[in-house]
Amino acid sequence: MGERDGDRRDTRDTGGAATPDLESHLGTALRVYDPDPEAERRALAAFRTAHASGRTPRTRPRDDWRPAPTRAAPR
């Protein structure tokens, strides 16, 4: 994620629009998606059933991105 030796690409924002090639790839990706209404209905029903049961799984610490609680300073 940082700069490496020999990796000195120009990363300045030029404010230009996306290239036509990028736009065509994004457009193709969006058009390829063919939702399955029955699968979405089953997934939603399963979620609602699990949520209504009242038993929600605990969040693993590595999945909890909330800020850590601050501790009081020792006296």
Side-chain angles (χ1 to χ4, degrees):
M1 296 221 186
E3 249 184 31
R4 294 186 219 162
D5 291 335
D7 185 21
R8 307 234 188 265
R9 290 175 271 165
D10 185 7
T11 58
R12 291 176 291 181
D13 183 15
T14 59
T19 63
D21 189 44
L22 175 62
E23 290 176 358
S24 70
H25 286 334
L26 290 174
T28 301
L30 291 172
R31 283 188 298 274
V32 169
Y33 176 68
D34 186 24
D36 180 4
E38 181 59 23
E40 289 182 5
R41 188 196 62 74
R42 287 191 316 264
L44 184 57
F47 172 80
R48 287 181 174 158
T49 301
H51 193 272
S53 74
R55 293 190 62 207
T56 57
R58 291 185 0 200
T59 303
R60 297 180 301 181
R62 65 177 175 234
D63 292 338
D64 189 358
W65 287 47
R66 294 176 293 184
T70 56
R71 294 184 179 180
R75 293 181 185 196

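Small disclaimer: the values here were computed from a predicted structure and weren't measured.
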Closest non-hydrogen atom pair between Asp21 and Ser24, with its separation: O-OG, 2.8 Å

Once rounded to the nearest 0.5 Å, what's the spacing between atom CZ of Arg48 and atom CG of Leu44? 4.0 Å

Test side chain to side chain contact (heavy atoms under 4.5 Å, CB included) applied to Ala46 - qualifying residues, sequence neighbours left out: none

